[in-house]
Amino acid sequence: MEAWVRAVVEAIHSSRAQAVIYLAGGASQALGWLLSVPGASGSVLEVVVPYSRASMAQLLGKLPLQFTSKQAAEDMALAAFNRALKLSGPGLQVMGVGFTGSLASSRPKHGDHRFYVSTRTQNRLRTSHVTLSKGLRSREEEDKVSSCFVLKAIADACRVSATIQSDVQEPEIPKESVEQFDEDQELQQVIDGQVCMKVYHFADPMEKNFDRKLILPGSFNPLHDGHLRLLEVASSMCDDGFPCFEISAINADKPSLSIAEIKRRVEQFRKAGKNVIISNQPYFYKKAELFPGSAFIIGADTAARLVNPKYYGGDYNRMLEILLECKSTGTTFLVGGREIEGVFKVLEDLNIPTELKDMFISIPEEKFRIDISSTELRKSQRL
């Protein structure tokens with residue numbers, strides 16, 4: 001490995017950014033560089049090489065009109081970004097990388113030798129397109145050129161300074177395009193389902209490395225002391241969990257939240273100095289897919305609904321199947337006491353199926369009981 005390559009890879013691994021990388025048709029040496037330098041497990045979440053048509057179609061949920069194209073690379077980067085959001089460690093910045101190339105092969109190509117590399121972060125989509133001079137290099141040499149550009153793209157997304165030595169000739173100067181997204185656009189992408197979540201980091205950075213997320217979902221209209229206290233108590237019980245709140249922009253039986261309303265609710269967390277995630281999944285079994293291995297903090301009333309076949313079309317087996325699937329992802333629920341039909345109940349008062357009991361952990365009443373609700377606060381404040 002050349003010294004400049006090692007220096008760039010070491011800087012990427014030290015950046016505390018994490019990436020999912022999708023490659024097709026080249027840039028294979030970039031993977032070797034990234035994975036052979038110590039520290040790769042902290043910055044590379046997953047690598048997929050979708051070479052076949054079926055693999056690419058499954059990856060993107062559609063078949064690209066043209067496999068080696070700007071659109072295909074950007075679709076790959078977006079899919080990788082959403083995957084990275086789901087897999088990333090708590091509190092870390094993430095990116096998706098998409099590469100698609102048509103390089104020298106065992107048979108002469110009628111079209112150009114070219115490649116596209118795209119990186120997607122929360123607020124930026126950047127794509128480079130290079131057309132290589134035919135007959136100038138071997139396949140291995142073209143792969144090295146494309147690998148240099150992938151490495152540079154990842155370094156740029158990590159905000160790492162890197163000067164690549166790619167040996168491109170003057171006619172091969174890359175064409176660049178950059179699209180920036182403001183907060184409104186980012187939130188609209190979540191509402192539209194294009195991006196699965198937006199994370200706001202308002203809490204002070206934590207030195208500790210957490211194994212999973214500890215999530216308190218809700219509407220938080222408004223956020224009150226009961227919510228803050230509940231997350232604090234749950235954090236003391238689950239000290240390996242990165243604490244954060246979560247709001248779904250999509251409601252199961254109401255219109256989606258407007259961008260202005262999301263921003264109004266988010267402002268509460270900024271003032272409180274607490275992390276909050278805006279997602280587009282109102283159902284817990286979908287949240288479990290979005291946040292695999294996480295611990296969710298819920299009230300006894302929500303826990304009662306989760307195990308009630310009524311909410312699964314009256315099908316007990318369907319309820320069991322869905323929740324066991326959640327369990328298989330490592331999902332757990334910390335359950336706080338709540339009033340149910342005028343009676344204060346805790347987890348022990350609920351009839352949890354035997355197969356699911358170890359998914360549910362009780363928050364003792366002596367540790368947390370605050371009889372307050374956002375609905376009552378809205379009424380008292382005439383909101």
Side-chain angles (χ1 to χ4, degrees), residues 90 203 208 210-220 223-248 252 274-277 279 281-312 316-377:
K208 180 178 177 181
F210 293 94
D211 295 327
R212 55 179 174 163
K213 295 181 180 76
L214 176 63
I215 302 171
L216 176 51
S219 58
F220 307 110
L223 175 69
H224 56 67
D225 287 342
H227 297 134
L228 299 172
R229 176 61 183 153
L230 178 56
L231 185 60
E232 182 183 326
V233 170
S235 296
S236 70
M237 296 175 59
C238 183
D239 62 2
D240 66 339
F242 179 80
C244 50
F245 295 87
E246 183 253 348
I247 300 172
S248 175
K274 302 296 180 183
N275 299 319
V276 61
I277 300 169
S279 81
Q281 296 297 349
Y283 300 108
F284 271 103
Y285 74 97
K286 288 293 186 181
K287 292 183 195 292
E289 294 176 10
L290 202 57
F291 308 107
S294 295
F296 293 95
I297 309 161
I298 60 176
D301 52 342
T302 300
R305 288 195 297 273
L306 272 176
V307 297
N308 189 339
K310 169 186 172 182
Y311 298 98
Y312 304 83
Y316 178 90
N317 289 330
R318 178 64 177 154
M319 175 271 293
L320 206 58
E321 178 187 353
I322 287 175
L323 291 181
L324 284 173
E325 195 169 318
C326 293
K327 182 179 177 179
S328 71
T329 70
T331 299
T332 56
F333 297 101
L334 277 69
V335 183
R338 286 294 298 270
E339 278 197 4
I340 302 178
E341 297 178 351
V343 179
F344 187 84
K345 292 189 177 182
V346 294
L347 175 63
E348 289 74 13
D349 298 317
L350 307 180
N351 184 22
I352 306 294
T354 303
E355 301 94 323
L356 304 173
K357 280 187 180 295
D358 55 351
M359 282 182 73
F360 294 84
I361 302 165
S362 180
I363 299 176
E365 183 178 352
E366 60 269 20
K367 284 193 173 185
F368 177 81
R369 176 171 178 171
I370 299 179
D371 297 325
I372 185 173
S373 75
S374 295
T375 302
E376 290 168 356
L377 281 176

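When reading the values below, keep in mind they use all heavy atoms of this one structure, side chains included, and skip hydrogens, waters and symmetry mates.
With sequence neighbours excluded, the residues satisfying side-chain contact (heavy atoms from CB on, under 4.5 Å) with Arg305 are Asp301, Thr302, Tyr311. By the side-chain contact (heavy atoms from CB on, under 4.5 Å) test, Leu324 pairs with Leu320, Lys327, Glu355, Leu356, sequence neighbours left out.
Environment of OH in Tyr283: sparse, with no more than 12 heavy atoms of neighbouring residues, nucleotides or ligands closer than 6.0 Å. Within 6.0 Å of CG in Asn351 there are 12 or fewer heavy atoms belonging to other residues, nucleotides or ligands. Heavy atoms of other residues, nucleotides or ligands lying less than 6.0 angstrom from NZ of Lys357 number more than 12. Counting heavy atoms of neighbouring residues, nucleotides and ligands inside a 6.0 Å radius, atom NZ of Lys274 does not exceed 12 of them.
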(request) Take Gln281 and Ser248 through the test side chain to side chain donor-acceptor pair (under 3.5 Å) and record every step on the way to the result. (result) CA-CA 6 Å; Gln281 296 297 349; Ser248 175; over 6 Å; no
(request) Show the numbers, then the answer: is there a side chain to side chain contact (heavy atoms under 4.5 Å, CB included) between Phe291 and Ile215? (result) CA-CA 9 Å; Phe291 308 107; Ile215 302 171; 3.5 Å; yes
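Side-chain contact between Glu232 and Pro243 is absent, with no heavy-atom pair separated by less than 4.5 Å.
Judged purely by atom type and a 3.5 angstrom limit, Asp239 has no side-chain atom pairing as donor or acceptor with the backbone of Ser236. In terms of modelled atom types and a separation under 3.5 Å, the side chain of Tyr312 and the main chain of Leu306 share a donor-acceptor contact. Put simply, the side chain of Thr331 gets close to the backbone of Cys326: a donor and an acceptor are under 3.5 Å apart.
The minimum heavy-atom distance linking Leu350 with Ala303 is given by the pair CD1-CB, 3.7 Å. Of all the heavy atoms in Leu334 and Ala295, the pair that sits closest is CD1-CB, 4.0 Å. Annotation for Ile277 and Lys213: closest pair CD1-CD, 4.4 Å, computed over non-hydrogen atoms.
We find that Lys287 and Glu246 are joined by a salt bridge, their nearest charged nitrogen and carboxylate oxygen being less than 4.0 Å apart.
Below 30°, between 30° and 60°, or above 60°: for Phe245 and Phe220 the angle between ring planes is above 60°, a perpendicular geometry.
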